[in-house]
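Reviewing the structure listed below.
Just so it is clear, the values below take in all heavy atoms, side chains as well, and ignore hydrogens, waters and symmetry mates.
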Amino acid sequence: MRSVKPQLRRGRTAVAKPSRQRGRAVARARPAHHRSGRGGPGAFTRLWLALGACCSFRNPAMWLFSCLLFVIASGALIAGGYVSRTGDATRRTVEQVMTASGFGIGSIRITGNHRTDPADILAALGFAPGESIFGADVQRARQHLLSLEWIADADVRRQYPDLITVAIVEKLPFALWETPGGTYVIERSGRRIGLFDPRAFPRLPRLVGDGAPQSAAELVDAVAAHRAISARVVGYARVSDRRWNLLLGDDVVVELPEEGWAKQLDVLEHLIVDKGILERDISEIDLRAPDNFFFVLRNGQKQQLMRGNAA
């Protein structure tokens, strides 16, 4: 019994008091977070883990932020011209290679232009000889040509390897429309071509009055079918956008009715050819009434002539 007690005392002492060296080894084996706090992770570690959770792509907010950042960066690149400059540089390089390979514009052939200056056509095309034929935007060139005042239609085509053909269809001048703002050359439809010096178009009929360009074609064609009237008419005046007056030489005015004016042209032709009405000192012929005609002499005297007497 005596020999047992000291052994038990020494065993309790061995278990309860580990050696200092072993304690230091155990302390070295513990993780850092066990040394920095009381049984939990440290502040820095907790902050790092929180940032990792927020920045994880499993977080919807992170996806939204990334997409927003991409859009902003792309917009900045485009607004700054970096994308366009890169694309322009690439395109110029390709065009230079194509031109060196024999696909440069050697000549531009223009046909159909009579009133349009070739220099204006070349300027509107947007490309010139020496450039790549593949870089020639023929559709945009056509639209630019249609903006020129005399061009009604245009056809721009590439003919490989080095030819551009431009076929022009110009507008046809029909009449001159005299306005307070100047004299317009108009088409048959009444559309205005542009302001021009009327002396450059001496053979075109003259129109005056509001609404004259839109309704003149039928009357001008009808007058052309009457040789005596056509030889003497110098202009057409639209009155209140309802009816016409014919302006003849020697300042003679012929008043036509709003309706049935075609028949009155036949009567006027008869009066000129068979009755020699214009040989009198007349300033005005009123054909608006269906049964009789009035003549105003230059002295202001007014005369009446019945239809039956005119025959």
Side-chain angles (χ1 to χ4, degrees), residues 81 84-85 87-217 220-221 224 234-236:
S84 62
R85 286 198 293 269
D88 292 341
T90 303
R91 185 177 64 254
R92 285 193 298 268
T93 302
V94 172
E95 290 180 357
Q96 291 173 359
V97 172
M98 292 296 101
T99 302
S101 301
F103 289 96
I105 300 175
S107 61
I108 299 176
R109 183 183 301 164
I110 303 173
T111 59
N113 61 308
H114 303 286
R115 301 182 184 276
T116 308
D117 193 328
D120 295 336
I121 295 176
L122 292 174
L125 290 177
F127 47 79
E131 300 178 9
S132 170
I133 195 170
F134 297 105
D137 191 339
V138 296
Q139 294 300 325
R140 185 174 63 178
R142 179 179 180 274
Q143 293 302 318
H144 289 173
L145 290 174
L146 293 179
S147 66
L148 300 180
E149 58 187 3
W150 277 107
I151 296 183
D153 198 4
D155 183 46
V156 184
R157 296 188 180 186
R158 303 184 188 93
Q159 290 191 3
Y160 299 108
D162 61 354
L163 177 62
I164 296 289
T165 61
V166 181
I168 300 296
V169 178
E170 291 188 329
K171 300 173 184 176
L172 297 177
F174 174 73
L176 300 174
W177 181 35
E178 298 178 355
T179 70
T183 300
Y184 288 92
V185 176
I186 65 169
E187 297 181 84
R188 183 179 180 85
S189 64
R191 290 191 296 267
R192 291 180 291 185
I193 297 177
L195 286 168
F196 295 94
D197 186 349
R199 292 175 296 182
F201 304 89
R203 298 182 180 276
L204 295 183
R206 293 169 44 229
L207 308 177
V208 295
D210 294 336
Q214 291 76 23
S215 54
V220 172
D221 291 345
V234 296
Y236 304 81

How many angstroms lie between [atom1] in [X] and [atom2] in [Y], if you round to the nearest 0.5 Å?
X: Ile105; Y: Ile164; atom1: CD1; atom2: CD1; value: 4.5 Å
X: Leu163; Y: Ile133; atom1: CG; atom2: CD1; value: 7.0 Å
X: Ile151; Y: Ile193; atom1: CD1; atom2: CD1; value: 12.0 Å
X: Ile168; Y: Leu145; atom1: CD1; atom2: CG; value: 5.0 Å
X: Glu149; Y: Phe196; atom1: CD; atom2: CZ; value: 4.0 Å
X: Asp120; Y: Arg115; atom1: CG; atom2: CZ; value: 15.0 Å

Indicate the atoms forming the closest heavy-atom contact of [X] with [Y], along with that distance.
X: Leu207; Y: Pro213; result: CD1-CA, 4.1 Å
X: Ile108; Y: Ala128; result: CD1-CA, 4.3 Å
X: Leu176; Y: Phe201; result: CD1-O, 3.7 Å
X: Phe174; Y: Ala217; result: CZ-CA, 3.7 Å
X: Ala154; Y: Leu146; result: N-CD2, 4.0 Å
X: Asn113; Y: Pro118; result: ND2-CG, 3.7 Å

Applying the side-chain contact (heavy atoms from CB on, under 4.5 Å) test to Ile186, which of Arg192, Arg191, Gln214 qualifies?
->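 Output: one option passes, namely Arg192.
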How about Arg157 and Val138: do any of their side-chain heavy atoms sit closer than 4.5 Å?
->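 Counting from C-beta outward, Arg157 and Val138 never come under 4.5 Å.
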Summary of side chain to side chain donor-acceptor pair (under 3.5 Å) pairs that have at least one residue in residues 166-179, sequence neighbours excluded =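 Counting only pairs at least two positions apart or across chains, the side chain to side chain donor-acceptor pair (under 3.5 Å) contacts touching residues 166-179 are Thr116-Glu170, Glu178-Arg206.
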What do you reckon, is CG of Asp117 surrounded by more than 12 foreign heavy atoms closer than 6.0 Å?
->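 Result for CG/Asp117: enclosed.
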When you measure from the side chain of Arg142 to the backbone N and O of Val156, does any donor-acceptor pair fall under 3.5 Å?
->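 Side chain of Arg142 to backbone of Val156: no pair is present.
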